[in-house]
Amino acid sequence: MTKNIEHSKLYQSEGVRLLYNNSLPGILITFVASSALAFTFIDDTNFNDKFAWWLVMSLILIMRVIDTRMWLKSNAEFKTRKTWLLRFGCGCLLSAAMWSLYAVIFYPQFSIEELSTTNVILAAMAGGATSILSGNLLLASFYNILILMPMSILLLMQPEQYKINLGGLGICFTAIMIVSSVRSSKYIKEAILLRYRNKKLVSRMEETIRVRTREVYEISNKDSLTGLYNRSAFLLAAQNVELEFKEQKISGFSIFFIDLDGFKNINDTLGHNVGDRVLVALSDRLKKFIDSGNLICRWGGDEFILLLKEHCPVLISELADKIIESLSRPIRLDEQNVTLNATIGISVCPEHESSITRLIQLADIAMYSQKGKYPERLAFYNMGLERDLHRKITLNEALKGALERNEFRLMYQPIVDATGQVVSFEALMRWRYQEKEISPVEFIPLMEQSGRIVQTGHWVLEEACKTLAQMNKHNAGICMCVNISLIQFYDKGFVNNVNRLIERYAIPGHLLHLEVTESIFQSDQMMINQKVSQLQQRGVKFSVDDFGTGYSSLSVIQNMNIDYIKIDRSFIQNIELKGLSIVQAMMNISRSLNFSVIAEGVETDKQRQLLEECGIPFMQGYYFSRPLERQNALVYLDQALESPPVVNGL
Ligand code: C2E
Ligand code: CA
Ligand code: CA
């Protein structure tokens with residue numbers, strides 16, 4: 001039903017178009033025919049009347065020409081309105097009425113020639129109308145009736161038989177014309193419908209092509225998970241920005257290298273599905289930072305790059321802080337909250353570079369240098385960072401064969417008790433590379449990152465145990481402190497290796513002290529507790545190194561049965577200012593939780609005195625001795641033997 005209504009509306013509106021498109025030839029034929037008819041049979045008796053008729057007919061035709069022009073000039077969307085049909089219909093029927101008027105008015109004066117000419121013209125006009133007016137069946141039919149019927153009826157009423165026959169013929173002709181109008185309008189309807197369907201098909205095809213093109217664009221330019229630009233599309237768009245800068249259309253821009261902190265953990269513990277949802281949620285947050293001309297892409301894994309058309313450091317920092325704040329807000333996933341953070345490295349054009357690929361590299365360097373240095377999570381590139389990175393890469397390479405090349409050695413720094421007697425040594429690693437001593441502060445983290453610390457750490461333990469065995473020949477009861485990295489705990493053979501060394505060098509277990517940093521309390525507690533207690537069963541003691549700089553929880557220290565804490569040297573250096581109260585507090589806690597305290601980094605007699613007043617039982621630092629080469633440490637110990645040793649049970 002609705003389809004029928006839709007089709008008849010379509011036929012009506014397309015019909016108007018057809019009528020007007022055929023209008024001018026129809027008008028021209030009418031004009032030619034009316035002029036010919038009026039002036040061929042004109043004479044003095046009917047001149048005025050025929051001329052008047054011709055004038056009125058011509059005026060009507062002029063009006064119709066004007067109307068057609070107006071239609072042609074009207075807006076496409078208004079061309080099919082119903083009022084046009086009314087206007088056209090009026091003009092057309094008026095012309096038909098004029099034809100009939102001619103026949104009826106001038107009939108009494110018709111000669112046989114004029115009668116037949118008029119009949120032929122009317123029949124021809126009616127015949128033409130079936131095709132010219134096929135856009136509207138009703139109009140075509142009325143036109144035919146109006147043009148043929150009056151004359152036919154008039155003829156029927158005449159006494160002469162041939163006129164009656166002619167009248168009958170006229171009526172039959174009208175009927176035939178109407179039937180033929182019906183048929184031609186049917187064809188027109190079908191043609192209109194076909195055209196409409198074709199048009200619809202074409203527009204549907206165009207839409208499908210549009211959708212497919214968009215899909216192809218998205219597949220080749222967008223990251224399928226997050227919907228952000230992918231690497232290659234970003235580089236292409238970014239190169240255009242680089243060009244804009246070179247053509248001085250913009251004064252500069254900046255690259256943010258954004259790396260998520262803790263994403264690997266989420267993937268490993270909650271699964272890749274959750275990982276993907278986290279990436280989508282965070283990408284949606286990043287999308288909010290895209291505005292005029294800025295670009296953002298997923299560079300890979302959990303890395304994103306933002307290109308900002310701004311190079312003012314203040315504005316850049318503000319935006320970077322906002323991004324960090326936005327990314328560190330909890331993400332709600334089903335029943336749980338997941339919280340991540342992000343580190344951002346920034347490079348700026350033209351300050352640092354102007355090539356996109358180089359700027360990305362520099363921003364990456366800045367990000368990498370800042371990674372892990374919380375709470376600050378934002379870094380601008382500077383030349384120093386690149387030098388640091390190069391040095392790291394060079395040292396990393398050099399560390400590969402350092403153990404085999406015997407480039408490592410240990411130094412030993414004494415630890416003394418309250419009376420100044422040496423009770424222990426701390427083994428400290430040294431690396432001589434290209435005639436220079438490299439600080440362990442620099443190379444230990446590199447070995448931790450590469451995992452090389454496991455093998456080297458074992459070597460340190462063995463060296464320290466050898467020295468300890470030797471020292472104990474001279475001075476029984478001297479202890480050895482060895483620094484252990486968290487990574488070494490994750491090594492499956494760690495406990496066995498320590499046990500084997502204790503046995504091989506026949507060392508009483510309690511003389512070996514292992515120093516661990518507070519980071520140990522943030523790791524796999526079960527595993528660490530187990531290994532610590534296995535070694536403690538062999539008598540090995542544990543110290544928490546650099547105490548107070550990390551995240552120690554006193555309850556964890558108690559659970560783990562830690563034997564010593566080493567107060568970090570920063571508190572000792574500060575002892576004459578605020579440090580004293582902190583040292584006192586640590587001392588009090590140690591008494592109630594039953595562990596002992598070592599103060600490290602004692603450099604002056606004043607510091608020693610204050611620590612003594614606090615009741616600190618053990619001290620280490622340059623004031624007593626710098627770290628000593630193995631031989632010197634043995635000599636140091638021998639000299640200490642000369643004064644009677646005080647055994648402190650360290
Ligand atoms: P640490 O365990 O805190 O070692 C003490 C550091 O403080 C040593 O630096 C020592 O030379 C220095 N020191 C001692 N007394 C004083 C003092 O009075 N004033 C000052 N300013 N410093 C003092 P070093 O030898 O450069 O070692 C640095 C760090 O490297 C160590 O800090 C330790 O964390 C790490 N390390 C050294 N050897 C090893 C090792 O064999 N294994 C592991 N895992 N780490 C090691
Ligand atoms: Ca230490
Ligand atoms: Ca320390």
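Numbers here simply count residues along the sequence, with the first being 1. Keep in mind that this is a model prediction, so the values were computed, not measured. In each ligand, atom 1 is the first atom listed, and ligand 1 is the first ligand listed.
Within a 6.0 Å sphere centred on CG of N337, other residues, nucleotides and ligands contribute more than 12 heavy atoms. Within a 6.0 Å radius of CD in E437, other residues, nucleotides and ligands contribute more than 12 heavy atoms. More than 12 heavy atoms of other shown residues, nucleotides or ligands fall within 6.0 angstrom of atom NZ in K371. More than 12 non-hydrogen atoms from other residues, nucleotides or ligands lie less than 6.0 angstrom from CZ of F624. For R387, the CZ atom sits in a loose shell: 12 or fewer heavy atoms of surrounding residues, nucleotides or ligands are nearer than 6.0 Å. The 12-atom threshold is exceeded at NE2 of H474, counting heavy atoms of other residues, nucleotides or ligands nearer than 6.0 Å.
Taking the Ca ion (ligand 3) as the corner point, the angle from D545 atom OD1 to E600 atom OE1 is about 90° (rounded to 10 degrees).
Under a 4.0 Å criterion applied to the non-hydrogen atoms of V460, ligand 1 contributes the atoms 41 (O). Atom numbering of ligand 1 starts at 1 in the shown order; those under 4.0 Å from a heavy atom of L428 are 4 (O), 8 (C), 10 (C), 11 (O), 25 (O), 37 (C), 38 (N). Taking every heavy atom of V441 and a limit of under 4.0 angstrom, the matching atoms of ligand 1 come to 28 (C). Heavy-atom contacts of S485 reach the following atoms of ligand 1: 44 (N) (cutoff under 4.0 Å).
For atom 38 (N) of ligand 1, a protein heavy-atom neighbour is present inside the 4.0 Å cut-off. The protein does not reach atom 9 (O) of ligand 1 closely, with no heavy atom under 4.0 angstrom from it.
Contacts with ligand 1 closer than 4.0 Å are made by heavy atoms of both the backbone and the side chain of N483. If you look at D545 next to ligand 1, the close heavy atoms, those under 4.0 Å, all belong to the side chain. For L410, no heavy-atom contact with ligand 1 is shorter than 4.0 Å. Only side-chain heavy atoms of Q413 come within less than 4.0 Å of ligand 1; its backbone N, CA, C and O stay farther off.
The nearest heavy-atom contact from the protein to atom 7 (O) of ligand 1 is R569 NH1, 2.8 Å. Nearest to atom 21 (N) of ligand 1 among the protein's heavy atoms is E603 OE2, 3.2 Å. Nearest to atom 30 (O) of ligand 1 among the protein's heavy atoms is P440 CB, 3.4 Å. Scanning all protein heavy atoms for the shortest distance to atom 11 (O) of ligand 1 gives P627 CG, 3.5 Å. Looking from atom 3 (O) of ligand 1 to the surrounding protein, the closest heavy atom is D546 OD1, 3.2 Å.
Nearest-heavy-atom check against atom 25 (O) of ligand 1 across R430, E426, E448, K566 picks out R430.
At least one heavy atom of E600 sits closer than 4.0 Å to an atom of ligand 1.
Between M471 and A633, the shortest heavy-atom distance links the atoms CE-CB, 3.9 Å. Closest approach of C614 to M587, counting heavy atoms only: O-CG, 3.3 Å. The heavy-atom pair separating C481 from I415 by the smallest distance is SG-CD1, 3.8 Å.
At a cut-off of 3.0 Å, D546 does not coordinate the Ca ion (ligand 2) through any N, O or S atom. Look at D568 and the Ca ion (ligand 3): no N/O/S atom of the residue is under 3.0 Å from the metal. The Ca ion (ligand 2) lies at 3.0 Å or more from every N, O or S atom belonging to S543.
Tested against L340, the residues D302, V278, L327, L279 include a single side chain to side chain contact (heavy atoms under 4.5 Å, CB included) partner, V278. Exactly one residue among D268, N267, D261 makes a side-chain hydrogen bond (donor to acceptor under 3.5 Å, both in side chains) with K264. That residue is D268.
The Ca ion (ligand 2) sits nearest to atom OE1 when only the N, O or S atoms of E515 are considered. Restricting E426 to its N/O/S atoms, the shortest distance to the Ca ion (ligand 2) is reached by OE2.
A distance-only check finds no donor-acceptor pair linking the side chain of Q434 to the backbone of K436 [under 3.5 Å]. Using modelled atom types, one side-chain atom of Q607 and one backbone atom of T604 make a donor-acceptor pair closer than 3.5 Å. Between the side chain of R538 and the main chain of I502, no donor-acceptor pair closer than 3.5 Å is present.
Relative to the ring axis of F234, R231 does not place its NZ or CZ within 45° and under 6.0 Å from the centre.
The shortest N or O to N or O distance between M429 and ligand 1 is below 3.5 Å. By the 3.5 Å distance cut-off applied to N or O atoms, Y622 is counted among the residues near ligand 1.
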